[in-house]
Amino acid sequence: MPFNVINNPEVFERVRRLQIPFNRYGLDRYGISQEHLANVFTVFRPFYERYFSVECYGLEHVPGQGRGMLVGNHSGGIPVDGAMLLSALFFDKEPPRLVHGMVDKFANRWPIVSQWFSRMGQFTGLPEHAVRLLKDDRLLMVFPEGAEGTAKLFKDRYKLLDFGTGFMRLALKSDSPIIPFAFIGGEEAMPVMFRLEKLGNLLGAPYVPVPPHLLPIPLPVHCEFHFGEPMNFEGDGTESDETIQEYIDQVRTRIEALIEKGRRHWRKRIGRGDRERAIEGSTNDTAEEDE
Amino acid sequence: MKVLITGISGKLGRTVAEMLVASGHDVLGIDRRPWPDAPEGVEMFSADIRKRPAEDVFRTHRPDAVIHMATVTHFTSSTEERYRINLRGTRAVFDHCHNYGVSRAIFVGRHTVYGAASDAPLYYTEDEPPLAVSTFPELADMVAADLFAGSALWRYPEMDTCVLRLCYTLGPSRRGTLASYLAGPRVPTVMGFDPLYQFIHDRDAARAICRAMEEDLRGVYNVAGPQPVPLSLLIEVTGRTNIPLPESLVKHALGRFGFPDLPEGAVPHLKYPVVVDDEAFRQKTGFEPKFDEVKAMEAFRWAA
């Protein structure tokens with residue numbers, strides 16, 4: 001393998017404990033590789049434990065086995081929420097679970113990124129992939145705001161955009177519980193002032209986010225996950241748009257409540273929102289004050 | 001049962017013929033190429049499937065079942081030749097099947113008809129459209145032949161037609177599309193991409209075809225072997241050297257420096273997987289491959 005990081009034995013032990021049928025080469029039927037997972041989680045670990053000092057609340061709501069859909073808010077800029085959610089379920093869930101992301105189409109066209117995402121079980125966001133993985137009792141990560149969700153500017157932080165309807169129909173079709181969650185801290189780690197769309201197009205991405213510190217690198221801000229109780233909906237995915245929208249509104253309300261609870265907790269945790277105000281000042285933000 | 005195999009002299013055709021003879025069937029074979037040491041129980045006819053002598057075989061011998069394997073790839077044939085054999089040949093065979101009372105017809109197609117693309121699903125089911133037609137012009141004739149064979153299901157409802165979309169074969173014969181790609185000591189790949197490859201051992205492929213015939217299968221089915229493996233591992237285990245090239249150089253390098261002569265349309269197949277879901281075939285026939293991925297790769301590597 002080209003980028004063989006010396007992986008941590010503790011991390012590898014956790015990879016071994018994933019409930020995934022690996023063959024003798026450490027590969028499963030989707031091409032997920034134990035070696036790649038161990039390397040990636042070895043790299044993620046210091047970010048998860050120290051750089052973002054991620055804390056999880058309500059992790060017991062995520063099923064220990066069987067299918068499920070983790071549905072939450074997308075943070076702006078570089079989506080550290082995805083990597084941190086993968087890490088949370090890997091490092092803090094017992095036994096560890098692998099989360100499958102539904103990746104935007106452009107990522108699979110990039111060399112190296114395409115290869116690593118494939119080996120880590122992060123597949124292109126197609127309904128075929130979602131249904132297949134759920135029916136195989138895997139855990140899916142869904143950001144129903146879509147890529148638009150990462151394009152949020154700092155002044156719009158934690159405001160949920162419109163949810164797509166696809167995820168709800170897939171959950172019904174595959175009879176999967178939805179576990180709502182809120183990710184707090186991601187917006188402050190990567191406050192987006194504006195987006196460079198032309199440069200993005202040049203790179204094959206939708207845009208390049210620009211934070212006040214100019215480099216598209218997230219800041220070391222404390223982050224938190226708040227998971228809610230699993231939600232089960234009745235149906236088979238062929239329901240009318242009104243019914244689906246009603247279900248989605250329920251999920252949305254739960255996520256909004258989790259975000260609110262999470263942000264209160266987060267502000268206390270980092271000390272009366274000093275950090276948040278500091279960032280606010282530097283972006284000349286005119287958005288309304290919270291609380 | 002009397003079984004006619006077109007393209008019998010190919011490696012896969014011979015193996016299928018031998019297996020059918022061993023289980024007590026009478027086998028007739030049509031091919032332009034000879035099979036000098038054909039076993040007893042196999043009656044050979046040297047003919048072109050599109051020509052009159054082939055039709056004579058149908059008329060005078062009246063086979064019960066036909067396994068149509070007389071198709072060619074870009075590795076061996078020109079565009080014109082491919083269209084003549086794959087498309088016109090398939091048409092002729094199905095017409096003869098209908099006209100001369102054949103009760104079951106099996107078309108052995110390829111899983112590559114689904115095509116490789118960045119936004120394609122990892123496991124193709126039979127209801128996915130064969131997209132290779134848009135990305136890989138050298139496969140358009142196979143896509144057309146596949147769909148044409150499938151149309152016999154409604155055109156000739158009295159006949160049990162079965163279209164098999166068989167994944168790459170790999171094994172001691174060292175024949176087939178994947179074997180041609182892996183033929184040299186150095187195998188070109190696209191830097192930064194490592195798609196999954198799905199293959200089945202030569203003998204398992206032949207067994208699957210025999211099962212489809214014996215189970216009287218009707219419809220379109222994906223046929224696959226063991227779990228797919230990344231291309232890098234396939235190259236390593238078959239004892240080749242992986243030469244990753246930047247994508248812009250790959251198409252210029254193909255056919256030179258001892259690299260296989262692949263058309264440009266094949267490049268996506270070096271970047272993205274073509275992996276099929278064979279659940280339906282396994283459920284209908286109870287088929288299980290006997291050779292796992294390691295045995296298939298090693299059989300290919302160490303073949304004399």
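Here is how names work: the chains are called A, B, and so on, in the same order as the sequence lines, proteins then strands, and each is numbered from 1. From a predicted model like this one, the values you see are computed outputs, not experimental measurements.
Atom CD of A:Glu148 sits in a sparse spot, with 12 or fewer heavy atoms from other residues, nucleotides or ligands closer than 6.0 Å. No more than 12 heavy atoms of other residues, nucleotides or ligands lie within 6.0 Å of CZ in A:Phe47, so this atom counts as exposed by the packing criterion. Within a 6.0 Å radius of CZ in B:Arg203, no more than 12 heavy atoms belonging to other residues, nucleotides or ligands are found. For B:Arg218, the CZ atom counts as densely surrounded, since its 6.0 Å shell holds more than 12 non-hydrogen atoms of other residues, nucleotides or ligands. Atom CG of A:Asn232 sits in a crowded spot, with more than 12 heavy atoms from other residues, nucleotides or ligands closer than 6.0 Å. At most 12 non-hydrogen atoms from other residues, nucleotides or ligands lie less than 6.0 angstrom from CD of B:Glu264.
Using a 4.5 Å cut-off on side-chain heavy atoms (C-beta onward), A:Arg119 and B:Asp194 make contact. Taking the side chain as every heavy atom from C-beta outward, B:Val294 and A:Asn23 never approach each other to under 4.5 Å. Side chains of A:Pro111 and B:Met191 form no contact here, defined as non-hydrogen atoms less than 4.5 Å apart. Here the side chains of B:Glu128 and A:Glu128 are in contact, with some heavy-atom distance below 4.5 Å.
Interface residue A:Arg132: only side-chain heavy atoms are found under 4.5 Å from chain B. Heavy atoms closer than 4.5 Å to chain A are found nowhere in B:Glu247, neither backbone nor side chain. Heavy atoms of B:Tyr272 lying under 4.5 Å from chain A belong exclusively to its side chain. With a threshold of 4.5 angstrom between heavy atoms, B:Val237 approaches chain A through side-chain atoms but not through N, CA, C or O. Neither the backbone nor the side chain of A:Ser118 comes within less than 4.5 Å of any heavy atom in chain B. A:Tyr25 touches chain B through its side chain: at least one heavy atom from C-beta onward sits under 4.5 Å away, while N, CA, C and O do not. Of the two parts of B:Gln198, neither the backbone nor the side chain holds a non-hydrogen atom closer than 4.5 Å to a non-hydrogen atom of chain A. Only the side chain of A:Leu126 comes within less than 4.5 Å of a heavy atom of chain B; its backbone N, CA, C and O stay farther away. Interface remark: B:Asn242 contributes no atoms to any contact with chain A (heavy atom separation under 4.5 Å).
Among B:Val229, B:Val190, B:Leu196, the residue making the largest number of heavy-atom pairs under 4.5 Å with chain A is B:Leu196. Contact tally against chain A (heavy-atom pairs below 4.5 Å) for B:Pro228, B:Ala117, B:Ser118: the top residue is B:Ser118. Per-residue counts of heavy-atom pairs under 4.5 Å with chain A were compared for B:Pro273, B:Pro244, B:Ala120; the largest is that of B:Ala120.
Judged purely by atom type and a 3.5 angstrom limit, A:His129 uses its side chain to pair as donor or acceptor with the backbone of B:Leu122.
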Worksheet item: When you look at A:Arg24 and B:Asp292, which way does the side chain to side chain contact (heavy atoms under 4.5 Å, CB included) test go after all the steps?
Response: CA-CA 11 Å; A:Arg24 74 175 100 166; B:Asp292 66 13; 2.8 Å; yes
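Minimum interatomic distance between A:Thr124 and B:Asp119 (heavy atoms only, all atoms of both residues): CG2-CA, 4.5 Å.
Geometrically, A:Arg29 engages B:Tyr123 in a cation-pi contact, judged by NZ or CZ lying under 6.0 Å from the ring centre and within 45° of the ring axis.
Side-chain contact annotation: B:Gln227 with A:Asp28, donor-acceptor N/O pair under 3.5 Å absent.
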